[in-house]
Student: 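Got a structure for you, questions after.
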There are 2 protein chains.
Amino acid sequence: MNIDAVDFFYAAMPEVTLEADGSQDALLVRVRAGDHEGWGECEASPLTSIAAFVTPRSHGVCQPVAASVIGERLDGPADIRRIAALVERNSMDLLQAAHTWSGIEIALWDLLGRARDEPVWRMLGYATTEGKLPYASLLFGADPQATRERARDQVAAGYRAVKFGWGSFGTGDPRIDADHLVAAREGLGDDGILLVDAGQIWGDDAARASRRLAALQEARATWLEEPFVPHAFAAYAELAAAAGSVGIAGGEGAHTVHMATNLIDYGRVRFVQIDAARIGGIGPAWDVAQHAVAKGVTFVNHTFTSHLALSASLQPFAGLADHRIAEFPVEPKAVALAISTTRLHPDHNGEIRAPDAPGLGVDVDLAALTPYLRDVEILIDGERAFRSPTAEGTTPKVKATTKA
Amino acid sequence: MNIDAVDFFYAAMPEVTLEADGSQDALLVRVRAGDHEGWGECEASPLTSIAAFVTPRSHGVCQPVAASVIGERLDGPADIRRIAALVERNSMDLLQAAHTWSGIEIALWDLLGRARDEPVWRMLGYATTEGKLPYASLLFGADPQATRERARDQVAAGYRAVKFGWGSFGTGDPRIDADHLVAAREGLGDDGILLVDAGQIWGDDAARASRRLAALQEARATWLEEPFVPHAFAAYAELAAAAGSVGIAGGEGAHTVHMATNLIDYGRVRFVQIDAARIGGIGPAWDVAQHAVAKGVTFVNHTFTSHLALSASLQPFAGLADHRIAEFPVEPKAVALAISTTRLHPDHNGEIRAPDAPGLGVDVDLAALTPYLRDVEILIDGERAFRSPTAEGTTPKVKATTKA
């Protein structure tokens, strides 16, 4: 079959706030090939990612993503790799291309899996889909008491692992950070897994970060996530060397496989966190997972949005039983929940797993999504380069600006 | 003063082809603050970069670039750094932001320099603007004979350095590549500086690249540029270790300072090639130049477009007399030449330099650009998020979607 159509659905909450909650909007991708369709999601700025698909070409290696996708042959996973290489080459100078392509790549796997009646993880070579321990991801409380209560609430809700992050952590007196960590451990109890997310707050300043290490060790934090900006490998390595029992984690910003493997090889992280909806899709995320296995590093998904995105990000390490911890969007916004009828809720053991069902195993619910859909129209010299599909899923006619 | 307005002018040739010529379109940026204005350029996909400026926010760290720029105070270079940090933080998850911000950052330096009657290079701390040896950048010929003639033509035109690249180089039999290199050296004569650009053709495969090393050494190539994709540091380092007299060059794909310094520190390049219009502007490019100096690496500009972009990319190493080689757009398309009335042509010594004039020292010619301007309109839910300024430079009203 050939790829006949790629449609982008931009959905958002009526009000999008400045909170660090990535589930406030979504860019869904539907791919159609022959009689089949598949769905994916970009964890990315929707308008910008749409523009990267339809933009007029700038030159031979700054082409719109569409130029490498529409009309291409799709008979198996090797074709997804082949098209990914086309995008990488033809859109070399289009920075946003990786984010746009990620959602398309995911949709291609879903489409292939549905066409073959096979889960994506099996097409990736895994024999089983293993249970993962979901962690609840929360902001630190306004004071240590509030942090303690938040931890207790999650334990009461059944979570054995909790991640705290952002808020004021890392910005002020390290002793206040230490008080929050003590409180988090108290709230979690002795057995809970405590994870901490610094949200890149220290830039590339390893000295500032290291002033929190003693408190992190005392609170028995399993990891300290994203202490630095994504490319600051030297700072990562310096902190990792001093961190003792605390593993350094990172990788959600990776938009190429090398960025993630470099964070392992040069940055010395102990946990690599990959968002399939940013790194270029499921194939590149699987590549990173294999590198992590080879280097004794633990692979973790990064997911803060929908259960469609969750399934996509679980596939790359679905069969890796030793890679147990998984990010789980505990309180996504309504728009993220409206995306699918299927939910990957924890089972009676408190575990989640990539569905044992064709493709991603998640059914998209366009009707439920309708109230959240935003209508984008892009005109160039008065001619329509893009128009959002209707809520019924019909795609308006646009001028083909993207092919020679 | 405060930043009152940022306007984007998208210009393109009537037909944009698939050749590897980045001068076929341009995205100019005009910034206005108080009574002053400055101009910059993004070396990036125009529509996508505009979208990154105006896109509705996705969450606290996926905001449009506009949110960190419009209304900000601008009293000196420290403010440019401060705004850059805001963009880096607030648009952390918006991949294209670095490309969009690059043009704005350049325009801010130009504006400040014009307001202070000072060249940008002086504001950067340089006492002089040194002459640079421009190299002519060409495609390899269809056969070695054609390559030889192209080299001879450039020598006849006065160029002492010539770069050959792309075409079939690196894709087939290494012996054919060797024949081209012999021919290029013959055409250049013994004294000419020969540079070779592989255009990322070997992905991350150091073995394939190394099969060309002997011929490169024999032809006395000064550098081999971009053998690999930008993040493949291990492959870079492996090739560098085997390359002997041939320096490995790269860096044009860097969109953060760390990406470029990592290419030096881990990739072991001997030449780092920075496009100010991609890496985040003149400030980050200057940072890389200082790192290069500290590590004994040669800084080189990357410029394939207008003389506005050329001035911007020369500023970061204007005062570094030992960093002699400069990329010069020898045969840009008409649209790139129409951008400015000022040209930075080689002087009687065959050298180019950053102008000794306020700001970038390059005057933009909107009237000449008029035939090339493209009109972009972006509507979201029927409301205008962006409309191109008119050829007279007037900015249409748009709804402010970017501020809370």
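Both backbone and side-chain heavy atoms feed into the values below; hydrogens, waters and symmetry mates do not. Proteins come first, then strands; the chains are lettered A, B, ... in the order of their sequence lines, and each starts at number 1. Remember, it's a predicted structure, so these values are computed and weren't measured experimentally.
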Student: Of the non-hydrogen atoms in A/D21 and B/H59, which two are nearest, and what is the gap between them?
Tutor: O-CB, 3.3 Å
Student: Is there a donor-acceptor pair under 3.5 Å between the side chain of B/R374 and the backbone N or O of A/I380?
Tutor: no
Student: So, are A/D93 and B/R278 salt-bridged, with charged N and O less than 4.0 Å apart?
Tutor: yes
Student: Would you mind checking which part of B/A232 comes under 4.5 Å of any heavy atom in chain A, side chain (CB onward), backbone (N, CA, C, O), both or neither?
Tutor: both
Student: What part of A/A52 gets within 4.5 angstrom of chain B, counting heavy atoms only: side chain, backbone, both, or neither?
Tutor: both
Student: Please check if the number of heavy atoms outside A/E331 that lie under 6.0 Å from its CD is greater than 12.
Tutor: no
Student: Given the options B/G203, B/C62, B/G22, B/A26, which has more heavy-atom pairs under 4.5 Å with chain A than any of the others?
Tutor: B/G22
Student: Is there a donor-acceptor pair under 3.5 Å between the side chain of B/N262 and the backbone N or O of A/H231?
Tutor: yes
Student: For chain B, which candidate among A/V257, A/D265, A/L94 shows the most heavy-atom pairs at distances under 4.5 Å?
Tutor: A/L94
Student: Does any non-hydrogen side-chain atom of B/H258 lie less than 4.5 Å from one of A/V229?
Tutor: yes
Student: Are any non-hydrogen side-chain atoms of A/E377 and B/I378 less than 4.5 angstrom apart?
Tutor: no
Student: By a 4.5 Å heavy-atom criterion (distance strictly below it), what part of B/Q200 contacts chain A: side chain, backbone, both, or neither?
Tutor: both
Student: Between B/A85, B/G199, B/A97, B/G253, which shows the greatest number of heavy-atom pairs under 4.5 Å with chain A?
Tutor: B/G199
Student: Between B/A234 and chain A, which part of the residue has a heavy atom less than 4.5 Å away: side chain, backbone, both or neither?
Tutor: both
Student: How long is the gap from CZ on B/R57 to CG on A/D25, to the nearest 0.5 Å?
Tutor: 11.0 Å
Student: Sort B/I201 into side chain, backbone, both or neither according to what part of it lies under 4.5 angstrom from a heavy atom of chain A.
Tutor: both
Student: If we define contacts as heavy-atom pairs under 4.5 Å, which of B/D375, B/I50, B/T48, B/L95 has the most with chain A?
Tutor: B/L95
Student: Is chain A contacted by the side chain of B/M92, its backbone, both, or neither, given a heavy-atom distance below 4.5 Å?
Tutor: side chain
Student: Run B/S45 and A/T55 through side chain to side chain donor-acceptor pair (under 3.5 Å) and show every step you take.
Tutor: CA-CA 7 Å; B/S45 165; A/T55 185; 3.2 Å; yes
Student: Tell me, with the steps shown, if B/L18 and A/V61 meet side chain to side chain contact (heavy atoms under 4.5 Å, CB included).
Tutor: CA-CA 8 Å; B/L18 288 175; A/V61 295; over 6 Å; no
Student: Specify the closest pair of heavy atoms between A/S58 and B/V16, including all atoms of both residues, with the distance to one decimal.
Tutor: O-CG1, 3.4 Å
Student: Quick check on B/V376 against chain A: is it the side chain, the backbone, both or neither that has a heavy atom closer than 4.5 Å?
Tutor: both
Student: Determine whether more than 12 heavy atoms belonging to other residues, nucleotides or ligands lie under 6.0 Å from atom CD of B/E88.
Tutor: no
Student: Which of parallel (below 30°), tilted (30 to 60°) and perpendicular (above 60°) describes A/F233 and B/F233?
Tutor: perpendicular
Student: Quick check: closest heavy atoms across B/L373 and A/D381, and the distance to 0.1 Å?
Tutor: O-OD1, 4.4 Å
Student: Considering residues at least two apart in sequence or located in another chain, which fulfil the side-chain contact (heavy atoms from CB on, under 4.5 Å) criterion with B/S49?
Tutor: B/L27, B/A44, B/Q96, B/H99, B/T100
